[in-house]
Amino acid sequence: MKYRFWNLDKDYTILENWCKERNWESNIPKEMLPPQGIIVEDEDTICALGLYLNEQVKFGYMYGIFSNPKIGKMKLYRAMKLSLEAVKKLATSKGIEVIITHTAEKALEKLYTRHGNMKLVEQNVNQYIMNLNEDKYKNLDWISK
């Protein structure tokens with residue numbers, strides 16, 4: 001199992017297919033994903049995660065973990081651990097000193113705190129979005145999952 005940096009021009013179709021296989025009503029638009037991200041693979045593409053970075057500040061935002069719905073739980077868990085290690089290396093190489101993320105998934109909460117060296121800092125948080133292009137982004141299900 002190894003990781004590589006994602007190339008959204010080539011890898012977006014993988015993420016899009018995973019969303020379709022999970023029967024999500026809408027996929028995250030390609031232009032909403034960060035240019036920096038990690039893909040973990042062996043003979044299969046297993047999981048991916050994106051990291052929003054601005055090298056002018058020391059803060060990054062990790063956008064969830066996308067996963068192949070056909071991969072078993074143990075293999076997926078190992079791949080997710082590897083993706084967290086990889087994102088730490090990526091962020092450090094870019095001068096990032098703090099990464100934040102959010103999740104409502106208990107399994108991800110355990111992964112983040114046990115293997116991601118992350119601390120739970122908020123509970124019972126409401127999340128809001130301001131859609132500035134309602135003509136283009138009519139359905140925002142991809143961010144509310």
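Excluded from the calculations below are hydrogen atoms, water molecules and symmetry mates; all remaining heavy atoms, backbone and side chain alike, are included.
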query: Closest approach of Pro34 and Leu8, non-hydrogen atoms and distance?
result: O-CD1, 3.3 Å
- prompt: Do Phe59 and Asn54 touch side chain to side chain, with heavy atoms closer than 4.5 Å?
  reply: no
- prompt: Is a salt bridge present between Lys106 and Glu109, judged by a nitrogen-to-oxygen distance below 4.0 Å?
  reply: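 Counted as a salt bridge, because a side-chain N and a carboxylate O are separated by less than 4.0 Å.
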query: Can you name the nearest heavy-atom pair linking Glu134 to Lys138, along with the distance?
result: O-CG, 3.3 Å
message: Please verify the inter-ring angle class for Phe5 with Tyr3; under 30° counts as parallel, over 60° as perpendicular, anything in between as tilted.
response: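 Aromatic pair Phe5/Tyr3 classed perpendicular.
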message: One pair to check against side-chain contact (heavy atoms from CB on, under 4.5 Å): Lys58 and Ile96. What are the steps and the verdict?
response: CA-CA 4 Å; Lys58 303 290 183 189; Ile96 302 302; 5.7 Å; no
query: For Leu53 and Gly60, which heavy atoms make the closest approach, and how far apart are they?
result: CD2-CA, 4.3 Å
Any side-chain donor near an acceptor of the partner, Glu31 and Tyr137, under 3.5 Å: yes
- line: In this structure, CD1 of Ile38 is separated from CD of Glu85 (nearest 0.5 Å) by 11.0 Å
field: Salt-bridge present (Lys75, Asp42; N to O < 4.0 Å)
entry: yes
query: What's the shortest heavy-atom distance between Leu108 and Met80, and which atoms?
result: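 Scanning both residues completely, I find the closest heavy atoms to be CD2-SD, 3.9 Å.
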query: Do Asn68 and Ile46 touch side chain to side chain, with heavy atoms closer than 4.5 Å?
result: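 Contact flag for Asn68/Ile46 side chains = no.
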- request: Evaluate the ring planes of Trp6 and Phe66, with Trp represented by its six-membered ring, and classify them as parallel (under 30°), tilted (30 to 60°) or perpendicular (over 60°).
  value: tilted
field: Student check: side-chain heavy atoms of Val40 and Arg78 closer than 4.5 Å
entry: no
message: Minimum heavy-atom separation for Tyr12 and Ile28, please, with both atom names.
response: OH-O, 2.5 Å
